[in-house]
Number of protein chains: 2
Amino acid sequence: MNIGEIARRSGVSRSTVSYALSGKRSVSEATRQRIQAVIDELGYRPNAAARALKEGRTRTLGLVVPPPRRRLTPAQLEFVAGVVEATDRADLDLLLSPSGDDHDRSFERIVGGRRVDGVILMEIRLDDTRVRRLQGLRLPFVTIGRTARPQGMSWVDVDYAALIGRCVDHLADLGHRHIALVNRSAELLASGHGPAHRAKEGFADAVTRRGVEGVEVGCADDVAAGEACVQGILSAHPEVTAIATINEAALPGVQRALESAGLDVPGRFSIAGVTARHRAEQFHPQLTAADVPAVDMGATAVDFLVERITEPDAPPRRHLFVPPISLRNSTGPVPAPR
Amino acid sequence: MNIGEIARRSGVSRSTVSYALSGKRSVSEATRQRIQAVIDELGYRPNAAARALKEGRTRTLGLVVPPPRRRLTPAQLEFVAGVVEATDRADLDLLLSPSGDDHDRSFERIVGGRRVDGVILMEIRLDDTRVRRLQGLRLPFVTIGRTARPQGMSWVDVDYAALIGRCVDHLADLGHRHIALVNRSAELLASGHGPAHRAKEGFADAVTRRGVEGVEVGCADDVAAGEACVQGILSAHPEVTAIATINEAALPGVQRALESAGLDVPGRFSIAGVTARHRAEQFHPQLTAADVPAVDMGATAVDFLVERITEPDAPPRRHLFVPPISLRNSTGPVPAPR
DNA sequence: GGAATTCAGCGAAACGATTCGACTGATCAC
DNA sequence: GTGATCAGTCGAATCGTTTCGCTGAATTCC
């Protein structure tokens, strides 16, 4: 069921069939219809591999996701969803590559075998070997998050520093003088995870700027860690009355720890964060948070990537998302001391 | 950077390079090493499109996921993760196709253009047009869930009927005489969603078998619906003391409704369900539930699919998962009436 | 020592599309 | 009437692999 078969059955040459399909040269209406009829009858679709070989492009995008073994955060999930949808809208296909920091088999298959026209890289490190590999191959790519020196590359990112700063501002405005940052894990921080680093910096800046006391603690990405982490804060720093966090996965644990400590939110304790809207609304009470626009980010990443593919010489595109903080019910004035 | 370049630089023919790489014919150790050196130096990888064209297979699997717009359930997410990992382990690539019940552009691109060697179909309907399309194309596929007449096809599924039955048994054993089933939405049921149908049947069977009162309600896949649904049950059927559910997405809402009704779990109300372990542990108190082994199911689906691809004439494979109910803290004896 | 076998390697033919140059009539301008 | 233009079509080359058949040379067998 190849183009030759169609050509034979409609009594024309292969090239005519191709032109009828692509419209790149004129074909008389009569033969066009004849060809189309045969195609419809046989249900013919051009073979993607043959087309890719000849055209030198695959009409496929690659999405490099963190190995799903350790669960993705809600924002990452939404980001993937945004990429999937936007890729589909652009009439492109999407190849998934689960791969960690160092480029492994899957990454190499996709990228070395030129199975994709471009790549979206999630969970980037400040210094990332995969980025260098892609640059070496001159394969278009877009990162979600920035490396330490993002000049000359296309990326989308969330301004964690600014957002954590705003959380601190908001809490300080409410009178809180002792604020804890529940960051992501110390390991991630050590491995050069951008958001963890920038949250840390943004927190430190805001805390000095507002003249309040800040304590930063690392916390693994699961509810048990969140619970333990908050218990630690409450016992080691009983003066703390508010938490700011970027650790989405820990949130249910944070909630549980506050509950079992008998700390009413927002009556006796406040919490603000940066997370996917969905997660914020699932918190109890609903979480005052900067809602990371992950779906939009995914769509934007696809747009940028398509642009880099079609116009490799255009200047790189970048976008730093700074979503507003949505006031919900998890923050309130500092409680009167008793 | 193609095979010809490698051949030239190592002073052999293209075919020799190919044989050196594949090992399908013997190549002298000396030239093999010479070739390998050149390959390593230039970082050559065979072009996937050319190879696919010649070999007639793409070394790629397709995964048809529900459109991510409406959020996937935790079990679905885990299933995707299992498929991603297993595909990677099998040294295959994975193409994602978001597509609803009727086969749309994306599905047609992947399947019609022969971009994949086989397909895994999620969220199957009892009567599914995509299944017929795949059968027509004679493209190997595996479904997650069964159609109404699954004879002759490969599939993996969870035995929702049996599991809901066991939930009812467990609750009846504890003395509950009035049990509600929180099913998935009426729309899904109407559209021929297998799990919804089978949960309904299993519930009806178990309820008559145990001689208890059962009320079944449909509920959309979100927390607001879950909350509303439980409120509805509590007011319309105040005699109900326990809930069984397969609706993962509604769980946080169920929890919230119970909380605000002042019903202590498991002291005054019991709840048991079928859901991903992760979700069960996030419930408060932790949920007594049959943990759907979604990661295993994903891996199994990939195994089955690979088998269908490599041995098209072997009999189809199928596996019905019936995970045990994990006793946690959300079920207890029926409260004394007051 | 000649015949049979094995080993290494080469050349050419696919795979299924796209695209370029060339050809054929028709139409048009003058 | 002649030359130019143009729409419509065809044949052949090409993309980068894999694989089949063949050929010398080296080795083995009686």
Side-chain angles (χ1 to χ4, degrees), chain A residues 1-36 38-39 42-60 91 93 109-117 137 139, chain B residues 1-36 38-39 42-60 93 108-117 137 139:
Chain A
M1 190 107 37
N2 54 21
I3 200 174
E5 181 72 15
I6 305 298
R8 186 144 19 87
R9 299 217 192 193
S10 30
V12 296
S13 71
R14 310 217 304 286
S15 47
T16 302
V17 176
S18 179
Y19 287 126
L21 243 29
S22 70
K24 293 193 179 170
R25 281 195 190 175
S26 56
V27 169
S28 77
E29 187 55 22
T31 58
R32 216 193 53 72
Q33 287 186 6
R34 193 151 30 92
I35 291 170
Q36 190 59 51
V38 175
I39 285 177
L42 299 198
Y44 163 79
R45 297 275 178 286
N47 178 297
R51 188 205 287 246
L53 174 58
K54 178 59 182 149
E55 287 188 331
R57 62 178 179 141
T58 59
R59 300 166 188 265
T60 305
D91 252 309
D93 286 323
R109 271 201 314 268
I110 285 190
V111 143
R114 305 215 87 94
R115 299 183 71 97
V116 296
D117 296 334
L137 284 168
L139 194 63
Chain B
M1 191 105 38
N2 53 20
I3 202 175
E5 181 73 15
I6 305 297
R8 186 144 19 86
R9 298 216 193 194
S10 28
V12 296
S13 73
R14 312 218 301 284
S15 48
T16 301
V17 176
S18 179
Y19 286 126
L21 243 29
S22 71
K24 292 191 179 171
R25 280 195 191 176
S26 57
V27 170
S28 78
E29 187 55 23
T31 58
R32 216 193 54 72
Q33 288 187 6
R34 193 150 32 92
I35 291 170
Q36 191 58 52
V38 176
I39 286 177
L42 299 198
Y44 163 78
R45 296 276 177 287
N47 179 296
R51 189 205 286 245
L53 175 57
K54 181 57 184 152
E55 288 188 330
R57 61 179 179 140
T58 59
R59 299 165 187 264
T60 304
D93 286 323
E108 201 47 39
R109 271 201 315 266
I110 285 190
V111 141
R114 307 215 85 95
R115 298 184 72 98
V116 296
D117 296 335
L137 285 169
L139 194 63

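Protein chains get the first letters and strands the later ones, always in sequence-line order, with residue 1 at the start of each. The figures that follow rest on heavy atoms only: side chains count, while hydrogens, waters and symmetry mates do not.
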Do you know which two heavy atoms are closest between [X] and [Y], and how far apart they sit?
X: A:Gly4; Y: A:Arg14; answer: CA-CD, 3.5 Å
X: A:Ala52; Y: A:Thr58; answer: CB-CA, 4.1 Å
X: A:Arg34; Y: A:Val12; answer: NH1-CG1, 4.3 Å

**Asked** Going by atom types alone, do A:Ser18 and A:Ser15 pair a side-chain donor with an acceptor below 3.5 Å?
**Response**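 No.
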
**Asked** Strictly by modelled atom types, are A:Arg115 and B:Thr60 linked by a side-chain donor-acceptor pair under 3.5 Å?
**Response**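 Indeed, the side chains of A:Arg115 and B:Thr60 share at least one donor-acceptor pair under 3.5 Å.
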
**Prompt:** Using a cut-off of 4.0 Å between protein heavy atoms and nucleotide atoms, how would you tag nucleotides 7-18 of chain C 5' to 3' with B, S and -?
**Reply:** -SBBB--BBBBB

**Message:** Once rounded to the nearest 0.5 Å, what's the spacing between atom CD of B:Glu5 and atom OG of B:Ser10?
**Reply:**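 Taking CD in B:Glu5 and OG in B:Ser10, the distance rounds to 9.5 Å.
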
**Prompt:** What residue among B:Ile39, B:Asn47, B:Val17 forms side chain to side chain contact (heavy atoms under 4.5 Å, CB included) with B:Ile3?
**Reply:**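 It is B:Val17, the one option of B:Ile39, B:Asn47, B:Val17 that forms the side chain to side chain contact (heavy atoms under 4.5 Å, CB included) with B:Ile3.
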
Using nucleotides 23-28 of chain D, report all nitrogen or oxygen pairs with the protein that are shorter than 3.5 Å.
none

